[in-house]
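Just follow the structure's listing: the first ligand is 1, and inside any ligand the first atom is 1. Note that the structure is a prediction, hence the values are computed from the model and not measured.
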Amino acid sequence: MKNVRVMLGPRSYDICIGHNIINNLKDYLTNLSLGKKVALITNPKIKRLYGDGIYNQLTAAGLKPTIVELPAGERYKTLKSVNKIYDLLIKERFERNSAVIALGGGVIGDIAGFVAATYLRGVPYIQVPTSLVAQVDSSVGGKTGVNHHLGKNLIGAFYQPVLVWIDVEVLKTLPRRELIAGMAEVIKYGVIMNEGFFCFIEDNYKKVLALDQETLIKMVERSCEIKAGVVSADEQEKGLRAILNFGHTIGHAIETITDYKRYKHGEAVSIGMVFAAKMASRMGICDKEVYKRIDRVCRLIGLDTTLPDMEFKDMWEILQRDKKVVNEMVRFVVPLRLGEVKIIDDVDRDILQDTVQSCYNTNNFECPPN
Ligand SMILES: NC(=O)c1ccc[n+]([C@@H]2O[C@H](COP(=O)([O-])OP(=O)(O)OC[C@H]3O[C@@H](n4cnc5c(N)ncnc54)[C@H](O)[C@@H]3O)[C@@H](O)[C@H]2O)c1
Ligand SMILES: [Zn+2]
């Protein structure tokens, strides 16, 4: 089993990564000195697949689990679901040392984390992420929260788990499209921090897609290490952590324009990363090769990198509404080379429009996968 430590002083915690490690959870739990009561938060599908295994580990560790099932889906990432969990915790008289366990993808993790952050001003919580997005991204770093009807992730708190328990075996049941979408965030880590890791993905993407356990463990471990490093340096996104938004400026705009229906988050990020790199190369910030390699690896994995048809003025309007805008200049994370990015605050309308236009002129022709 691999271990990545997130260093945050007294709030430091371990991310344990392995294959078929569900059955070792009991031993680890005993070290955490939790109260007896635990709430296991999950959805019906994940419960059917993995609920018993975790439940048995909890009881074997001497804990008393209560299962809370939420319907699956982003549209249930709401205060209403949070309330449903509060009701149960209050009825069952959960105390300050009672724990919350999130068993599921990023939706379950974000909701359960927010409950843990706020119930009795904070109870311990454990993440058992089951989607690739959750394993490499959402379970690590302590951003918790839910959506508001006026916008995504508007209600939330920074609150760190006491443990993240990652079994890559569960990716076998994850729908293929979810696996591929999750790879966008993995590629992102290579671009922002580590060229060697980017090359690792280029060399090993076939093994990843074939769910080769050793490759998956290495990839998830490396991703968690990179995210943990960034979070340890800047827990509350006052500076460095913003580099994790590489690909997300245009990614979010695309998700908004298409009403969060057409693309999975990772799919939009893939388009956004290639766009940001292309724009950077047009601005002379990085070599054209950088953008071509990101585009190529995304496409080889099965991610679309084509900017969808949209009116530039709609995109511009959405970017203006975004928190990343100062004085009508848009903030972007752009690559300097593979493994190093910088944040630029002065992307103006002309540069953007010029890049959008070039995407429409060259879409699908410039860099065919091979
Ligand atoms: N907190 C953060 O830092 C952070 C970072 C990235 C994303 N997020 C949030 O995470 C959410 C997206 O997460 P997601 O992509 O995991 O979506 P998700 O939680 O909706 O999971 C995707 C689908 O896969 C299913 N699933 C999950 N694991 C499975 C498995 N092992 N086998 C079979 N099916 C499985 C789920 O039931 C769901 O239907 C969004 O709400 C996003 O805002 C948060
Ligand atoms: Zn993301």
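In this structure, Phe114 and Thr118 have side chains that are in contact, with non-hydrogen atoms separated by less than 4.5 Å.
Among protein heavy atoms, the minimum distance from atom 8 (N) of ligand 1 is reached at Ser138 CB, 3.6 Å. Closest protein heavy atom to atom 6 (C) of ligand 1: Asp137 OD2, 3.4 Å. Shortest contact from atom 36 (C) of ligand 1 to any protein heavy atom: Asn43 ND2, 4.0 Å. For atom 14 (P) of ligand 1, the closest heavy atom belonging to the protein is Gly106 N, 3.5 Å. Regarding atom 30 (C) of ligand 1, its nearest protein heavy-atom neighbour is Thr173 OG1, 3.5 Å. Counting only heavy atoms of the protein, atom 40 (C) of ligand 1 lies nearest to Glu74 OE1, 3.1 Å. The protein atom (non-hydrogen) at minimum distance from atom 26 (N) of ligand 1 is Ile46 CD1, 3.6 Å. Remark: minimum distance from atom 42 (C) of ligand 1 to any protein heavy atom is reached at Lys77 NZ, 3.8 Å.
Polar contact check, Lys45 against ligand 1: a nitrogen or oxygen pair lies under 3.5 Å apart. Where the criterion is an N or O separation shorter than 3.5 Å, residue side chain and backbone included, Val170 meets it with respect to ligand 1. Geometrically, ligand 1 and Ser131 share a nitrogen or oxygen pair separated by less than 3.5 Å. Taking any N or O of Val107, backbone or side chain, at least one lies under 3.5 Å from an N or O belonging to ligand 1.
The shortest separation from a heavy atom of Lys264 to ligand 1 is not under 4.0 Å, leaving the residue out of contact. The shortest separation from a heavy atom of Pro175 to ligand 1 is under 4.0 Å, placing the residue in contact.
Glu214 has no carboxylate O lying under 4.0 Å from a charged side-chain N of Lys207, or vice versa, which leaves the two without a salt bridge. Between Glu221 and Lys218 there is no salt bridge, since no side-chain N of the basic residue sits under 4.0 Å from a carboxylate O of the acidic one. Using a 4.0 Å cut-off between charged nitrogen and carboxylate oxygen, Lys227 and Glu185 do not count as a salt-bridge pair. Between Arg299 and Asp295, at least one side-chain nitrogen of the basic residue sits less than 4.0 Å from a carboxylate oxygen of the acidic one, meeting the salt-bridge criterion. Electrostatic pairing of Lys37 and Glu92 does not count as a salt bridge here, judged by no charged N lying under 4.0 Å from a carboxylate O.
Within Glu185, the N, O or S atom lying nearest to the Zn ion (ligand 2) carries the name OE2.
At a heavy-atom cutoff of 4.0 Å, ligand 1 is contacted by both the backbone and the side chain of Lys143. For Pro129, no heavy-atom contact with ligand 1 is shorter than 4.0 Å. Contacts between Asp110 and ligand 1 below 4.0 angstrom, taking non-hydrogen atoms only, involve the side chain exclusively.
Within 6.0 Å of OH in Tyr55 there are 12 or fewer heavy atoms belonging to other residues, nucleotides or ligands. For Lys77, the NZ atom counts as densely surrounded, since its 6.0 Å shell holds more than 12 non-hydrogen atoms of other residues, nucleotides or ligands. Annotation: Arg75, atom CZ; neighbour count of heavy atoms from other residues, nucleotides and ligands within 6.0 Å does not exceed 12.
Taking SG of Cys16 as the reference point, atom CG of Asp167 lies at 11.5 Å (rounded to 0.5 Å).
Distances below 4.0 Å separate heavy atoms of Thr130 from the following atoms of ligand 1: 27 (C), 28 (N), 29 (C), 30 (C), 31 (N). Near Lys152, the atoms of ligand 1 lying under 4.0 angstrom from a non-hydrogen atom of the residue are 43 (O). Short contacts between ligand 1 and Lys227, defined as distances under 4.0 Å to a heavy atom of the residue, involve ligand atoms 3 (O). Of all atoms in ligand 1, listed by their number and element, those nearer than 4.0 Å to a heavy atom of Glu178 are 22 (C), 23 (C).
Vertex the Zn ion (ligand 2); arms to His248 NE2 and His265 NE2; angle rounded to 10 degrees, 100°.
Note on ring orientation: taking the six-membered ring where Trp is involved, the planes of Trp316 and Phe312 are parallel (angle under 30°, cut-offs 30° and 60°).
If you run side chain to side chain donor-acceptor pair (under 3.5 Å) between His265 and each of Lys152, Glu74, His248, His252, only His248 comes through.
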* Show the numbers, then the answer: is there a salt bridge (charged side-chain N to carboxylate O under 4.0 Å, His left out) between Lys264 and Glu178? => CA-CA 8 Å; Lys264 303 253 164 227; Glu178 300 286 351; 3.1 Å; yes
* Step by step, would you call Glu237 with Lys143 a salt bridge (charged side-chain N to carboxylate O under 4.0 Å, His left out)? -> CA-CA 10 Å; Glu237 202 167 316; Lys143 276 193 184 175; 2.6 Å; yes
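Protein heavy atoms all stay at least 4.0 Å away from atom 38 (C) of ligand 1.
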